[in-house]
There are 2 protein chains.
Amino acid sequence: MSSDSPFHHLFEFFNQIHPLNSDSKKAIESISSIVTIAKNQDLQPIGATCKTIYFVKKGLARIYYYKDGIDVTEYFAFENDLIIRAESLFTGKPSQKAIQAVEQTEFVGISSDLLFGLFDTLPDLERLFRKITELAYVNTLNRIESIQFHPAEERYHRLLEENPEFIQRIPLKHIASYLGITQVSLSRIRGQKN
Amino acid sequence: MSSDSPFHHLFEFFNQIHPLNSDSKKAIESISSIVTIAKNQDLQPIGATCKTIYFVKKGLARIYYYKDGIDVTEYFAFENDLIIRAESLFTGKPSQKAIQAVEQTEFVGISSDLLFGLFDTLPDLERLFRKITELAYVNTLNRIESIQFHPAEERYHRLLEENPEFIQRIPLKHIASYLGITQVSLSRIRGQKN
DNA sequence: TTTATCCTTTTACAAATGTTAAAAAAGGTT
DNA sequence: AACCTTTTTTAACATTTGTAAAAGGATAAA
């Protein structure tokens with residue numbers, strides 16, 4: 001795998017979770033493609049059933065949905081993050097969410113139908129994606145704890161510390177809905193001290 | 001598999017997610033055992049690394065932890081639910097959480113070390129547990145949405161509708177912390193109308 | 001029954017966040 | 001630059017939830 005392969009960073013990412021043998025890597029390459037989306041454009045419309053697993057090569061994307069007509073961000077993905085509409089991919093139901101490029105973003109798209117088909121012959125791949133899901137699950141458990149027991153101000157400041165990029169590259173309204181508060185509340189928090 | 005096997009309900013549960021062949025069932029039986037815990041007793045102490053996947057045969061259990069000295073319930077499991085301290089099982093770190101029997105409860109315990117070992121020879125099992133994790137992940141995503149965008153009163157009433165058992169079998173203080181509110185708030189909500 | 005303990009509710013007040021509307025600031029386009 | 005649009009902040013007020021303390025109920029043990 002040459003380091004200038006379009007899938008280089010994807011395999012680096014996989015490697016940290018479960019190393020793949022070369023057959024599995026070739027199989028992944030054969031079902032993957034590069035997609036580039038302009039700023040503020042959606043990858044796929046809300047309402048379609050999700051059939052693709054995305055990886056952010058370059059740029060920044062988010063998963064969002066409309067809650068009572070309000071745009072709510074569920075998740076942000078930076079370079080070298082996976083971005084998956086799990087609630088559709090894992091249930092087969094149409095997704096009420098969309099993936100949007102916050103900046104111009106280059107994705108690797110992996111066909112989920114083809115990927116799941118490969119699991120029968122390449123258990124390596126099933127193991128990798130099992131572990132990916134396990135880690136994503138643990139992350140959401142921790143996020144629930146954070147939402148339930150830390151005030152919005154604390155969550156904002158923690159976000160600021162852990163991921164200063166967030167604030168520089170993402171409109172505050174998206175950060176507010178990601179934190180589960182209104183834009184007005186976030187502005188108030190930002191204005192207080194400092 | 002006779003219907004009076006101690007693992008009958010476990011396999012019924014698995015069947016709905018991913019049917020197992022008989023080799024896989026036998027393997028599961030060989031690494032599983034029945035554990036009975038008295039009311040209000042813990043299965044395992046906080047601080048131990050989780051090495052067991054539990055299934056509630058009879059009774060009712062919860063996962064809880066201490067947040068600033070306060071007992072917080074993360075999850076309830078009724079009959080025929082799995083109960084897993086994922087944050088420890090999937091990371092290998094000591095668990096800050098414990099499983100407690102809310103009533104006298106009979107569990108099936110499955111050794112996770114032995115289970116993960118079986119995945120190499122019985123891909124059936126890895127597929128089952130991949131799917132289980134996927135569904136659990138989707139559930140937590142939905143729970144985040146519920147916590148962030150529905151007031152406690154609505155969450156309580158939804159819980160009441162979807163799972164009336166909760167209120168009859170579980171002390172209200174546990175329900176309050178599960179909903180992410182104080183016991184006083186829950187009491188206020190209950191007292192309002194109706 | 002009596003006592004002790006735990007669970008639940010009530011009350012009064014404080015703090016955090018939501019709602020609405022308007023103003024200010026920032027970005028893009030002609 | 002001038003204009004339009006979007007984003008962010010500010011203000012005033014309403015609502016929700018938290019905190020602390022006390023009282024009332026329920027349950028279990030002596």
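Keep in mind that what you see is a predicted model, and the values were worked out from it rather than measured. Throughout, a chain's letter reflects where its sequence line sits, starting with A, and its residues are numbered from 1. All values below come from the heavy atoms of this structure, side chains included, with hydrogens, waters and symmetry mates left out.
- B:Glu154 has its CD atom 12 Å from the P atom of D:dT16, to the nearest Å.
- Taking 4.5 Å as the limit, every side-chain heavy atom of B:Tyr64 sits out of range of all side-chain heavy atoms of B:His174.
- Note: CD (B:Gln148) to C1' (C:dA16) measures 16 Å, nearest angstrom.
- Counting to the nearest Å, the P atom of D:dT17 and the CD1 atom of A:Ile181 are 16 Å from each other.
- A salt bridge links B:Lys57 to B:Glu106: at least one charged side-chain nitrogen sits closer than 4.0 Å to a carboxylate oxygen.
- When the side-chain nitrogen and oxygen atoms of A:Thr182 are compared with OP1 and OP2 of C:dT17, none of them lie within a distance under 4.0 Å.
- Within a 6.0 Å sphere centred on CD1 of A:Ile70, other residues, nucleotides and ligands contribute 12 heavy atoms or fewer.
- Looking at B:Glu29 and B:Lys25, no side-chain N of the basic residue comes within less than 4.0 Å of a carboxylate O on the acidic one, giving no salt bridge.
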Pairs: protein N or O with nucleotides 5-9 of chain D N or O, under 3.5 Å:
unit_1 : atom_1 : unit_2   : atom_2 : d
D:dT7  : OP1    : A:Lys173 : NZ     : 2.7
D:dT7  : OP2    : A:Lys173 : NZ     : 2.7
D:dT8  : OP1    : A:Leu172 : N      : 3.0
D:dT8  : OP2    : A:Leu172 : N      : 3.1
D:dT8  : OP2    : A:Lys173 : N      : 3.1
D:dT9  : OP1    : A:Arg190 : NE     : 3.3
D:dT9  : OP1    : A:Arg190 : NH2    : 3.3
D:dT9  : OP2    : A:Ser187 : OG     : 3.0
D:dT9  : O5'    : A:Ser187 : OG     : 3.0

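- Atom P of nucleotide C:dT8 and atom CD1 of B:Ile189 are separated by 15 Å, given to the nearest angstrom.
- One can place CD1 of B:Ile70 at 12 Å from P of D:dG18, the figure rounded to the nearest angstrom.
- Rounded to whole Å, atom C1' of C:dC7 lies 12 Å from atom CG of B:Asn40.
- D:dT19 atom P lies 11 Å from atom CZ of A:Phe149, rounded to whole Å.
- Between A:His150 and A:Arg158, the closest side-chain pair of non-hydrogen atoms falls below 4.5 Å.
- If you take CD1 of B:Ile147 and C1' of C:dT17, they are 17 Å apart, rounded to a whole angstrom.
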Legend entry - CA sep, side-chain torsions, deciding dist, call: A:Tyr54, A:Gln44, side-chain hydrogen bond (donor to acceptor under 3.5 Å, both in side chains): CA-CA 11 Å; A:Tyr54 292 100; A:Gln44 280 169 359; 3.1 Å; yes
